[in-house]
Amino acid sequence: MKLVFLFLLVTIPICCYASGSGCSILDEVIRGTINSTVTLHDYMKLVKPYVQDHFTEKAVKQFKQCFLDQTDKTLENVGVMMEAIFNSESCQQPS
C-alpha cells in the first residue's frame, strides 16, 4: 500500500516544470503531505478545495496518514526525490 501512495505522489509532477513543480499550489500540497508536523486536520483544510466527495476525503486522509506513519528520514528522502524529479531534464522548463 505504501508503494501505491508513493507512486501516486511521484506521478503528480510529471506534467510540471523546473524550480519546484512550477505550481505554487502543488508545491504547498506536497510540502504539507511530507511534513510530519502538519496534522491530519490541518492537511484536510489545506486540500479542502480539491476534495469533492466523501470517497476522495477518505482516500486523502489515508494518504496523509501513510506519510504521518513514516520516519522523519523517510520523509526527508521523499523531499529529496521530489526535488530530483522537478530538477530532472524531463521536467525542465523550455527556454
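- Partners of T37 under the side-chain contact (heavy atoms from CB on, under 4.5 Å) rule, at least two apart in sequence or in another chain, are N35.
- Considering only residues two or more places apart in sequence or on other chains, K58 meets the side-chain contact (heavy atoms from CB on, under 4.5 Å) condition with Q62.
- Partners of E76 under the side chain to side chain donor-acceptor pair (under 3.5 Å) rule, at least two apart in sequence or in another chain, do not exist in this structure.
- Formation of a donor-acceptor pair under 3.5 Å by the E83 side chain with backbone atoms of G79 is not found in this model.
- Contact annotation: the side chain of K64 approaches that of V38 to within less than 4.5 Å [non-hydrogen atoms, C-beta and beyond].
- With sequence neighbours excluded, the residues satisfying side-chain contact (heavy atoms from CB on, under 4.5 Å) with H41 are T39, K45.
- Side-chain contact between F67 and T74: absent, with no pair of heavy atoms (C-beta onward) separated by less than 4.5 Å.
- Under the rule for a side chain to side chain donor-acceptor pair (under 3.5 Å), the partners of E57 that lie at least two apart in sequence or sit in another chain are K61.
- With a 6.0 Å radius and a threshold of 12 heavy atoms from other residues, nucleotides or ligands, L40 has its CG atom above the threshold.
- The two residues V29 and L46 make their nearest non-hydrogen contact at CA-CD2, 4.0 Å.
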D27 and F86: CA distance, side-chain angles, deciding distance, side-chain contact (heavy atoms from CB on, under 4.5 Å) verdict: CA-CA 11 Å; D27 291 340; F86 293 143; 4.3 Å; yes
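- Counting heavy atoms from C-beta outward, Y50 and T56 have side chains that stay 4.5 Å or more apart.
- Between atom CG of residue N77 and atom CG of residue D72 there is a gap of 11.0 Å, rounded to the nearest 0.5 Å.
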